[in-house]
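The residues of the chain are indexed from 1 along the displayed sequence. Only this structure's heavy atoms are used, side chains among them; waters, hydrogens and symmetry mates stay out. Bear in mind the structure is a predicted one, so any value in this text is a computation, not a measurement.
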Amino acid sequence: MSNPVHPARRAPDEARVIPLRPAAPAPTAPAAPASAAPVPPGGPRPAEPLWRDLVGDVLRRERLAQERTLKDVAEEARISMPYLSEVERGRKEASSEVLAAAARALGLGLGDLLSLAQGELVRVTRRTGRTGRTSSRSSYDGLCLAA
């Protein structure tokens with residue numbers, strides 16, 4: 001059993017270090033770049049898009065299609081312009097009230113907005129091959145939103 005060094009006997013430039021976490025093990029081999037080999041079938045797939053990203057994309061696309069400014073839509077929806085911008089960029093998880101207000105300002109109902117976002121989700125997941133379904137049906141035409 002070792003004796004701890006009394007603080008008075010410690011060298012003046014010697015610090016007492018108590019690690020908070022164990023040190024991470026050193027890597028055994030350098031990691032290969034992601035583009036070095038294709039992902040094998042059954043391996044990790046690209047992540048599915050987030051709902052907030054899809055809804056934000058739909059809001060922005062609709063606003064730009066109407067040639068309206070962010071300020072104009074935010075004022076009509078009674079939402080702050082920075083917040084609406086964050087929603088459009090998928091950085092904020094907007095409440096149903098905020099989404100309904102933004103949709104109304106664009107001449108859409110909340111159902112229209114959610115239906116467009118659901119269509120975008122189906123399109124994106126088909127492109128990436130991530131449907132998550134095991135049935136043989138080729139499409140799902142319903143809308144499901146759980147909170």
Side-chain angles (χ1 to χ4, degrees), residues 1-2 4-5 10 13-147:
M1 185 158 123
S2 67
V5 177
R10 192 176 296 137
D13 61 342
E14 183 181 0
R16 182 172 179 204
V17 177
I18 302 172
L20 298 176
R21 291 189 186 118
T28 56
S35 61
V39 175
R45 296 184 197 169
E48 287 184 297
L50 296 176
W51 183 249
R52 67 179 184 237
D53 290 328
L54 296 168
V55 171
D57 288 344
V58 169
L59 286 171
R60 177 167 283 173
R61 193 169 47 246
E62 287 295 317
R63 179 178 60 80
L64 294 175
Q66 295 177 19
E67 298 181 354
R68 294 179 65 190
T69 65
L70 192 62
K71 181 180 180 188
D72 174 46
V73 174
E75 284 177 355
E76 188 171 333
R78 300 182 66 122
I79 302 169
S80 77
M81 191 173 66
Y83 188 74
L84 182 57
S85 174
E86 294 282 299
V87 169
E88 281 190 356
R89 290 184 287 149
R91 304 248 175 122
K92 294 290 182 188
E93 206 58 72
S95 69
S96 58
E97 290 87 358
V98 169
L99 294 177
R104 272 193 310 273
L106 293 167
L108 302 170
L110 181 58
D112 299 324
L113 173 64
L114 299 180
S115 181
L116 289 168
Q118 186 261 346
E120 184 68 12
L121 176 62
V122 168
R123 186 185 67 75
V124 168
T125 54
R126 279 188 185 148
R127 186 179 68 217
T128 61
R130 279 192 72 97
T131 60
R133 285 181 294 197
T134 56
S135 81
S136 60
R137 274 180 46 161
S138 63
S139 70
Y140 177 74
D141 294 327
L143 174 66
C144 179
L145 178 63

Is it true that a side-chain atom of E48 and a backbone atom of T125 form a donor plus acceptor pair closer than 3.5 Å?
no
Reported CG-to-CG distance for the pair L64 and L59, which is rounded to 0.5 angstrom:
11.0 Å
May I have the step-by-step check of side-chain contact (heavy atoms from CB on, under 4.5 Å) for Q66 and V73, ending in yes or no?
CA-CA 10 Å; Q66 295 177 19; V73 174; 5.9 Å; no
Looking at A94 and V98, what are the two nearest heavy atoms and their distance?
CB-CG1, 3.9 Å
Starting at CZ of R78, measure out to CD of E97 and round the result to the nearest 0.5 Å.
14.5 Å
Taking all heavy atoms of A103 and all of G109, pick out the closest pair and write down the distance.
CB-O, 3.8 Å
When every non-hydrogen atom of I79 is compared with those of L84, the smallest separation belongs to CG2-N, 4.0 Å
Distance check, rounded to the nearest 0.5 Å: L70 atom CG versus E75 atom CD?
10.0 Å
For A74 versus M81, what's the shortest heavy-atom pair and its separation?
CB-CA, 3.7 Å
Would you say R61 and L116 make side-chain contact, with heavy atoms under 4.5 Å?
no
Is R68 reaching over with its side chain to a backbone N or O of R63, donor-acceptor style, under 3.5 angstrom?
no
Closest non-hydrogen atom pair, D72 against T69
N-OG1, 3.0 Å
Report yes or no: does R52 contribute a side-chain atom to a donor-acceptor pair with the main-chain N or O of K92 at less than 3.5 Å?
no
Partner of V58 under side-chain contact (heavy atoms from CB on, under 4.5 Å), chosen from D53, L113, L99
L113
Determine the minimum heavy-atom distance between A117 and L54, stating which atoms define it.
O-CD1, 4.1 Å
Measure the spacing between OH of Y83 and CZ of R91 and express it to the nearest 0.5 Å.
14.0 Å
Separation between OG (S85) and CZ (R60), nearest 0.5 Å, reads 6.0 Å
